[in-house]
Amino acid sequence: MASSYFDSSHLLWENPQPQFTNVEIFRRMVNRKRGLNLKDYHEFHRYSIENYSFWEDAWQHLRIIYSVPPQSVITEGSIPNVPIWFPGARLNYAENLLWRNDDSIACTAGGEPGKVAECTFRELRLRVQKMASALRANGLQIGDRIAAVVTNSIEAVVLALATASIGGIYSSTATDMGSQGILDRYRQIQPKFLFSETEVMYAGKTVDLRDKVAAVIKGLQQHGLKCTVLLPSAITAKEIEVGGDSNTTTLRKFLATGTGSELVFEQLPFNHPLYILYSSGTSGPPKCIVHSAGGVLMQTLKDQRMFFDMKDSDTLFQFTTTGWMMWNFMVSALASGCRMVLYDGSPFHPTLEAYLKFISDAGVTLWGTSPRFLAEVKGRKITPLEIGSFEGLRTMAVTGAVVTPPIFKWTQEAFGGKFHFVSTSGGTDICCAFVGGVPSLPVYVGEIQHKALGMAVEVFDENGKNIEHTGQAGELVCTRPHPSLPVMFWGDTPDGKKLRDTYFNFYPGVWRQGDFMVVNPKTKGIMILGRSDGVLNPNGVRFGSGEIYTVMERYNTIIEDCICVGQRRANIDEHERVLLFLKMRPGNNFTATLENEIRSSIRTALSARHVPTHIFEVEDIPVTINGKKIEIAVKHIVSGSNLKPSGTVANPESLNLYYKYKNIEEIAKNHRAETKSKL
Ligand SMILES: CC(=O)CC(=O)O
């Protein structure tokens with residue numbers, strides 16, 4: 001079947017000086033070093049996935065700081081398909097981030113309380129030194145876990161880097177995660193230390209975390225917890241007691257236990273664990289994904305310098321909490337000598353306009369955000385250039401969900417048209433991206449520009465056949481190892497059974513990411529169409545929910561959000577049917593006229609077979625605390641399963657709204673009668 005995804009590619013942006021980009025400089029360096037003649041990014045990418053020596057080139061180009069050089073690039077490890085990278089090398093992640101020791105600003109931190117804190121590179125290093133000294137004095141050793149429930153603040157950066165300097169393993173969650181969600185994660189990794197906020201502000205409200213912290217401490221006491229450190233209020237900076245445990249102390253007292261020792265960067269193997277991240281946990285207990293220091297360092301630096309053309313003169317603002325991999329990704333920007341702007345709180349408080357002004361005023365040059373946020377600005381008919389000049393903006397990087405073509409177009413225009421719009425996709429599983437931006441290539445509307453260097457991404461059909469050249473959609477797979485494969489799942493068997501079952505079983509020996517994608521045979525541009533477990537399959541036509549969301553974008557001034565899932569009840573339905581749920585913006589009604597209009601738009605833009613069987617209005621759309629729609633949970637619920645919401649769901653009560661759709665026949669009958677009356 002010929003593809004209709006890319007019938008017309010519209011140019012969105014082109015770099016007037018591609019030759020000066022980091023990626024072009026890197027390509028020319030490889031040509032000189034290897035005596036090659038790689039003419040463009042396409043050839044460079046091919047070289048990067050066919051030769052492991054590419055990673056040696058990357059080591060050199062990214063200027064990795066090390067004390068012992070590697071003996072080779074790759075060797076076999078104990079987990080099949082997960083090799084050991086750069087055996088013999090010794091390095092430290094924190095040392096690679098803290099080389100800069102001057103009085104330029106390293107971090108600017110803002111948030112809802114309105115205060116802005118700053119810290120220079122020299123001060124950051126001193127704060128890390130103080131924290132590391134206290135951690136050592138209190139017994140942190142190589143391989144010990146530190147768990148944190150923290151805001152996106154300078155303190156969180158200090159804590160992660162101090163932990164890394166000693167060779168501890170750092171894991172954090174956002175403060176809005178429920179105590180059950182926190183315990184589901186931290187009980188598995190048995191942290192020695194817990195660092196926690198006590199009071200924060202979110203959406204204009206003071207949130208008292210004392211009960212939650214007390215519950216977490218209690219739940220971790222039987223699981224190896226030795227010491228809890230309470231951070232002062234994120235609003236007033238006052239110390240707050242939680243009480244009841246002699247191993248609990250305040251940050252001030254904890255830091256005072258340090259001996260003032262020098263900052264020592266333990267020299268560790270490339271594969272030494274750095275972070276533990278978690279699978280979403282929306283459909284089962286969260287998996288504890290362990291990432292290596294060398295892997296995270298190399299891949300995040302590669303993505304930042306190649307996709308975003310990051311330089312030491314840049315100011316990066318990544319909107320994230322500490323519970324999303326984009327936080328870990330962001331922190332690496334220090335290694336490029338870049339300034340980071342941190343923000344904690346809701347972007348809608350006190351107003352969306354105030355948040356946009358903060359970004360413009362902070363002189364952000366690289367802005368990382370989500371399509372959901374941009375859709376909201378668009379939907380509220382806000383004109384960003386009336387709020388700030390955004391004159392420094394050079395690159396906007398968007399991730400976290402499918403970016404639809406209307407969002408590409410609107411964003412480029414709304415923020416002044418000159419910057420590089422980068423759509424990327426990767427995930428927690430690799431703590432970097434599979435596909436993303438190439439500043440030396442043109443951007444086409446709706447297309448992620450290319451595969452990342454070193455990432456052997458292909459599109460497979462159900463039988464494991466590469467169908468990329470056909471322009472048809474299939475599974476995103478990665479056919480060769482790369483340095484930030486997880487080194488293990490915490491608590492897995494030594495041969496990594498759980499890890500292999502998760503990624504390498506569906507297509508034996510090949511990484512399956514669980515995303516549904518398609519490649520434009522002409523431009524090589526990529527579209528991610530949704531999660532593959534949410535792929536819709538009515539009457540044998542397979543498509544991604546992202547295709548429906550693209551059409552729905554045109555209604556986003558009246559429809560706040562929507563979710564599209566397949567329904568197939570065991571022993572009842574012969575075929576899958578597609579259900580589309582809409583959350584209306586206040587003051588707008590879901591009428592039969594609107595429903596007909598939506599059906600007709602989907603039919604025209606896609607095909608008659610894409611039109612949902614039923615469209616319903618709902619009060620809320622379930623999302624994770626990182627703002628991702630939870631299609632898989634809704635799919636299970638409407639198909640007749642009972643689901644226990646995990647701590648990852650931001651609005652767990654919303655799931656209850658979907659159970660009634662198990663009785664679809666009755667609901668549909670009532671719905672027809674109701675919408676007719678609202679015509
Ligand atoms: C890079 C990403 O892909 C981020 C995410 O969606 O979790």
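Just follow the structure's listing: the first ligand is 1, and inside any ligand the first atom is 1.
An N or O contact shorter than 3.5 Å is missing between Thr424 and ligand 1 by distance. Inclusion of Ala433 in the set of residues having an N or O under 3.5 Å from an N or O of ligand 1 is not warranted.
Relative to the six-membered ring of Tyr549, Lys629 meets both conditions, a distance below 6.0 Å and an angle of at most 45° to the axis.
With hydrogens left out, the protein atom closest to atom 3 (O) of ligand 1 is Gly426 N, 2.7 Å, a heavy atom. Of the protein's non-hydrogen atoms, the one nearest atom 5 (C) of ligand 1 is Lys628 NZ, 3.1 Å.
The aromatic rings of Tyr170 and Trp327 sit tilted, their planes meeting at an angle between 30° and 60°.
The one candidate from Ile49, Leu453, Ile430 that meets the side-chain contact (heavy atoms from CB on, under 4.5 Å) condition with His482 is Ile430. Remark: of the listed residues Phe415, Phe419, Phe319, Phe415 is the sole one forming a ring pair (Phe, Tyr, Trp, His ring centres under 6.0 Å) with Trp367.
Listed by number with element, the atoms of ligand 1 under 4.0 Å from a non-hydrogen atom of Met325 are 4 (C). Residue-ligand proximity, Ser425 to ligand 1, at heavy-atom distances under 4.0 Å covers atoms 3 (O). Against a heavy-atom cut-off of under 4.0 Å, Gly400 is close to the following atoms of ligand 1: 6 (O).
In summary, the aromatic rings of Phe26 and His61 are positioned with their centroids under 6.0 Å apart.
Residue contacts with ligand 1 include Thr399, since one or more of its heavy atoms lies under 4.0 Å from the ligand.
At a 4.0 Å heavy-atom cut-off, ligand 1 does not touch Phe329 at all.
Thr424 and Asp303 are not linked by any side-chain donor-acceptor pair at a separation below 3.5 angstrom, with hydrogens and angles left out of the test.
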